[in-house]
Structures are given as C-alpha cells and as structure tokens.
Asks: 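Here it is, the structure, as structure tokens.
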Amino acid sequence: MRPEYVDFHTHLDLYPDLEQAIATCDSSRVATLAVTTTPKAFERNVEMSADSDFVRVGLGLHPQLVAERHLEIDLFESLLARTRYVGEIGLDRSPAHYRSFDLQKSIFGRILRACAKQGDKILSLHSVRATKPVLDMLDEHLPLDRGHVVLHWFSGSKADVRRAIDRGCYFSVNEGMLASATGGRVMREIPIDRVLTETDGPFLARGDNPIEPGDVTRAVEMIASSRGARVDDIRARILSNLKRLVQGD
Ligand code: MN
C-alpha cells in the first residue's frame, strides 16, 4: 500500500490512545515517524506499531527531558541498533531549559557519535534557540556520509538555513510553524525537494483540540499556497522526498 501523506514528526504516544492514533495514521495512509521522548517509551511504541503499514518509531531522548532523564542515555545506546530512526533528540536553549544546556550538549554528542558509528540513521532534530549549536555539533560528530538529518520545526537564520541545506538536511514543517513569520521565511528559503511535512502532534492545536494524528493536510495546503503550486503536486513532491530520504540518496 502506498502512503498518501507524510507526518515525519509526531508524538503518537502522547495522544490519549496510542492504538487509536496508530490506526488513524494507517487508515489515512500517512507515512508516519512516531518519535519518542525517552528511550523507556521506545519498546511500547515498537510493540504497538508492529502490525502497522505506515508507522515507524524513532528512538529519542528529548532535550527538554535531559535534566531529569540523562541517565537513560545508556539504555538509548543499547537500543540504537534496533532502529534506523532516531528522535526526538537535539538541543533547547529556551529559558526553561537553559540550565541543562551543557548536559544536553554532552548527551546530544554521545547520541550523534553512536549514530555515526552505526551509520545510515535518519534523525529528527529539535533545535529551539539553538540552531547554530545543533549545526555545529552535526559538523563535529556526524560526518555527511554517516547519517541523514531532518530538522524539525527549524527556526534558524538565513545563514543557518543555507548551512543546513548545504549539508544535505531535510526540513519537516507543520501548520503552526508555517503560520509564523519565521516559519514562513524559512519555508521560502528551502528548496522544495528538502521539504517534509509533520504535525508535531498532539502539541499543535486546531481550535480547542489537538491536531488529529497524521493530519498534515493544512500544512500541505500552506506550502502549496506559499509556492503558488497545486496542492496535489506538493503532496506528491513530499512523498517523493520521503522516498529519496529513506532510500538514503
Ligand atoms: Mn516534538
């Protein structure tokens, strides 16, 4: 079965019913990357999605949880060989997480080195107020031929965007990001062949409700309108981008 859409960054296990969330992505035929925020959550996500045609699970250790969960890095490293997908990982220098920034960098460095050693991983990266340090650490710890990078909700400067493009990064964008001034600007700076869609569910809201699992329809429409392109052409481009990424070209 072929996918119809791509949601390359969502937290299905943070919806009230994980089984239902997986079923929704399957019935809507959304090629989904279900990221996790701690390595302890990985096993359950893998078990629940074992029969899914469209959901893949990322092994993660969220930078916002590093202060309290950094000891789980050992578990992360022991699970890494079981998956090609890694996320959510990265750095967060916003005020609430600034104090753990050095610890975040040490954990992120260990993760990148482990990924580089095993090779061919696909990483979904968080980079809040830390786009430059994330790019610096990629340069330092993940050689270009040792892994594939997707920048989730990227908000870097024009120079950071350029740098990320030059290093081969993809960008996963969501409707909340695209509605913001910075997100709209980033969207205009990235080539369409590096664009993936995401929901970052359930954190994005539609009115009073969280965004439905895998519902990237509005994001696709917003990309199409920003490019003056047809919605169906953009949808097809995003599917072919994912195919290229997964094939490792
Ligand atoms: Mn997220």
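We count residues from 1, following the sequence as given. Indexing begins at 1, ligand by ligand and atom by atom, following the structure's order.
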Asks: Does the pair Arg82/Glu43 count as a salt bridge with the N-to-O cut at 4.0 Å?
Replies: yes
Asks: How far does OG of Ser226 sit from CE of Met187, to the nearest 0.5 angstrom?
Replies: 5.0 Å
Asks: Verify the ring-centre separation between His11 and Phe203: is it less than 6.0 angstrom?
Replies: yes
Asks: Are Asp233 and Arg237 close enough for a salt bridge, meaning some N to O gap below 4.0 Å?
Replies: no
Asks: So if I apply the side-chain contact (heavy atoms from CB on, under 4.5 Å) rule between Val150 and each of Leu245, Val86, Leu125, which one comes out positive?
Replies: Leu245
Asks: Is any NZ, NE, NH1 or NH2 atom of the basic residue among Arg235 and Asp232 found under 4.0 Å from an Asp or Glu carboxylate oxygen of the other?
Replies: yes
Asks: Below 2.8 Å, which protein N, O or S atoms neighbour the Mn ion (ligand 1), ignoring water?
Replies: His9 NE2, His11 NE2, Glu88 OE1, Asp200 OD1
